[in-house]
Undergrad: 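One structure follows; several queries about it will come next.
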Amino acid sequence: MARQMNYRYLIGQPVGVSLVNGQGVSGILCDVSNNQVYLLEYLYQSQFATRHYSFAQIRDIHPFPPCQGRVY
């Protein structure tokens with residue numbers, strides 16, 4: 001339960017998720033409940049999917065940093 005509370009402040013925000021298998025995924029954190037993280041991920045074209053990952057699969061979750069100025 002403690003891990004769930006640590007990530008609740010990120011709900012609705014873009015995050016990067018580091019998985020224990022060495023892969024990473026990113027998306028909008030939709031929910032944290034029942035030892036699961038629900039992430040809205042972009043698939044392709046105009047398709048998105050909400051996927052869930054158990055805490056056993058997750059090494060860490062990081063919020064996206066803010067943009068650094070304008071790029072032209």
Undergrad: Linking I/L/V/M/F/W/Y whenever any side-chain heavy atoms sit under 4.5 Å apart, do I58 and L10 land together?
TA: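 Result: yes, single cluster for both.
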Undergrad: Under a 3.5 Å distance rule, please check whether Q47 uses its side chain to pair with a backbone N or O of Y44 as donor and acceptor.
TA: no
Undergrad: Going from CZ on F48 to CG on L43, what distance comes out if it is rounded to the nearest 0.5 angstrom?
TA: 8.0 Å
Undergrad: S26 versus Y42: any side-chain heavy-atom pair under 4.5 Å?
TA: no
Undergrad: Check for me, please, whether Y38 and V17 land in the same ILVMFWY cluster - side-chain distances under 4.5 Å, paths through other members count.
TA: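 Cluster IDs for Y38 and V17 differ.
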Undergrad: Atom CG in L29, atom OH in Y9: separation rounded to 0.5 Å?
TA: 10.0 Å
Undergrad: Drop me the distance from R51's CZ to C30's SG, to the nearest 0.5 angstrom.
TA: 13.0 Å
Undergrad: Can you find a heavy atom in the side chain of R8 that is under 4.5 Å from one in the side chain of V32?
TA: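 They are in side-chain contact.
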Undergrad: If you define the side chain from C-beta out and look only at heavy atoms, does anything of L19 sit under 4.5 Å from Y53?
TA: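 In contact.
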Undergrad: Side chains of Y7 and D31: is there a donor and an acceptor less than 3.5 Å apart?
TA: no
Undergrad: Among I28, T50, V15, whose side-chain contact (heavy atoms from CB on, under 4.5 Å) with L39 holds?
TA: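 When side-chain contact (heavy atoms from CB on, under 4.5 Å) is applied between L39 and each of I28, T50, V15, only V15 qualifies.
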Undergrad: Can you find a side-chain donor-acceptor pair between N21 and Q23 that sits under 3.5 Å?
TA: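 A donor-acceptor contact under 3.5 Å links the two side chains.
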Undergrad: I11, V37: one ILVMFWY side-chain cluster at the under-4.5 Å cut-off?
TA: yes
Undergrad: Which heavy atom of Q57 sits nearest a heavy atom of H52, and at what distance?
TA: OE1-O, 4.4 Å
